[in-house]
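These notes are about the structure you will find just below.
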There are 2 protein chains.
Amino acid sequence: MSREASAETDVLLRRHGLQVTAQRLAVLRAVSDRAHRTADDIYRVARAEIGAISSQAVYNTLTALTDKGILRRIQPAGSPARYEDRVGDNHHHLICRTCRRMIDVDCAVGDTPCLTAADDSGYEIDEAEVIYWGRCPECVAGPRSRAVTHHKETAREEKDRRV
Amino acid sequence: MSREASAETDVLLRRHGLQVTAQRLAVLRAVSDRAHRTADDIYRVARAEIGAISSQAVYNTLTALTDKGILRRIQPAGSPARYEDRVGDNHHHLICRTCRRMIDVDCAVGDTPCLTAADDSGYEIDEAEVIYWGRCPECVAGPRSRAVTHHKETAREEKDRRV
DNA sequence: GGCTGATCTAGACTCACTCCAAGGTTGGGG
DNA sequence: CCCCAACCTTGGAGTGAGTCTAGATCAGCC
């Protein structure tokens, strides 16, 4: 995220009635810098950046921002929650069963049609969360012992910039 | 599950190379009796039924049965894992954000079309997991303080038989 | 610059597993 | 009917992810 984007972020927080703090800016930067980070990743990235931040502040901030709809929380089975700042465009996720890498995919059907279940049983549906499970090209090619690593940030992953 | 169904269950286990034990039968019965139970629910139901079973045995059994594809594990955000015996028919789930109640919904589109993402990015997709989030009719009607109860089995829930 | 509520901090705590170990029981093939 | 691998039991320790609490600090309005 560039210098001028920081001012934007500033406004974004204020618009939602949130105070602007160094911690919140760092968290937002960590998330927008790379999608699908875990709370722990974000904690370490933010700490590296601003020197001091507690993991609680990270959790608080992520919860606050998720509640305000600024961030989106994704919680795939067997994995800690991950966060992204791409909200409101109803895209979905594709996760590799072997290396747990997650990428975005656009909605298969179109605009927001995924929101329509065949029978909603009277529920007021506000979100359809779609997770495609499979294996990524690399894991299909070479099924090395990367299995079920609830990996932190790996060197390999570093190259996966925002999609 | 009725008396004669127990014989079926027997065969089911054997077919997958698993020994037939009282504990496994009790676990299977607890799951098929009502879908979407948690490991803890199953533990208590099974214990009530056969008198003695350790939580380890429940976890072992659930893991074994899930691995064999006899049960399906669902792990929604902010909730412990839940189990169901309705496998292989590609149905989805609808969860109330307020009371966490979960019900089945049939696939919105048809047979197994949910498996098709717009762009699979070279991934080999084998499952599409869809979770619809919303609020159930009761929580819409009366938003009482049931919020975010990671409830155990409540009296109210008892009436939700298999869908 | 002062005040006040929003936010941050450290650290204890909970929950849902998960993984031993070591001994006891039991299903089912031979 | 015997045997042994598969299974279960108690008990305890450990872990990852998140939650709670109480007190300190800070943003931003006046």
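Within every chain, numbering begins at 1; the chains are lettered A, B, ... in the order of the sequence lines, protein sequences first and strands thereafter.
- For the OP1/OP2 pair of dA6(C) and a distance below 4.0 Å, the side-chain nitrogens and oxygens of R24(A) include no atom meeting the criterion.
- Here the P atom of nucleotide dT25(C) and the CG atom of N60(B) are 19 Å apart, to the nearest Å.
- In the set dG28(D), dC8(C), dA16(C), the nucleotide with an atom closest to the side chain of V20(A) is dG28(D).
- Counting to the nearest Å, the P atom of dC17(C) and the CG atom of D41(B) are 11 Å from each other.
- Atom CZ in R82(A) sits about 15 Å away from atom P in dG16(D), given to the nearest Å.
- Formation of a donor-acceptor pair under 3.5 Å by the R47(B) side chain with backbone atoms of I53(B) is found in this model.
- Distance CZ (R44(A)) to C1' (dA17(D)): 14 Å, rounded to an integer number of Å.
- Rounded to an integer number of Å, the gap from CG of L25(B) to P of dG27(C) is 10 Å.
- Using a distance-only test at 3.5 Å, with no hydrogens or angles considered, no donor-acceptor pair links the side chain of R14(A) to the main chain of Q19(A).
- The nucleotide whose nearest atom lies closest to any side-chain atom of T61(B) is, among dC8(D), dT19(D), dG28(C), dC8(D).
- Checked against dC17(C), dG28(C), dA17(D), the side chain of A39(B) finds its nearest nucleotide in dC17(C).
- Checking the phosphate oxygens (OP1, OP2) of dG28(D), a side-chain nitrogen or oxygen of R14(A) falls inside 4.0 Å.
- Pairing each heavy atom of A39(A) with each of Y83(A), the nearest pair is N-CE1, 4.2 Å.
- Atom-to-atom, CD1 of I53(A) to P of dC26(D) comes out at 14 Å; the value is rounded to the nearest Å.
- Between Q23(A) and dC8(C) there is a side-chain N or O to OP1 or OP2 distance below 4.0 Å.
- Heavy atoms of T21(A) sit under 4.0 angstrom from primed sugar atoms or phosphate atoms, though from no base atom.
- Distance Y83(A) OH to dA17(D) C1': 10 Å, rounded to the nearest Å.
- For A22(A) and L18(B), each mapped to the nucleotide of DNA chain D holding its nearest heavy atom, the one lying further toward the 5' end belongs to L18(B).
- Annotation: of the two residues near DNA chain C, Q75(B) and Q19(B), the 5′-most nearest-nucleotide partner is Q75(B).
- Straight-line distance from the CG atom of L65(B) to the P atom of dC7(D): 11 Å, rounded to whole Å.
- Taking only side-chain nitrogens and oxygens, Q56(B) never comes nearer than 4.0 Å to OP1 or OP2 of dC17(C).
- Distance alone, capped at 3.5 Å, places no donor-acceptor pair between the H92(A) side chain and the V105(A) backbone.
- Using modelled atom types, no side-chain atom of D67(B) and backbone atom of A64(B) make a donor-acceptor pair closer than 3.5 Å.
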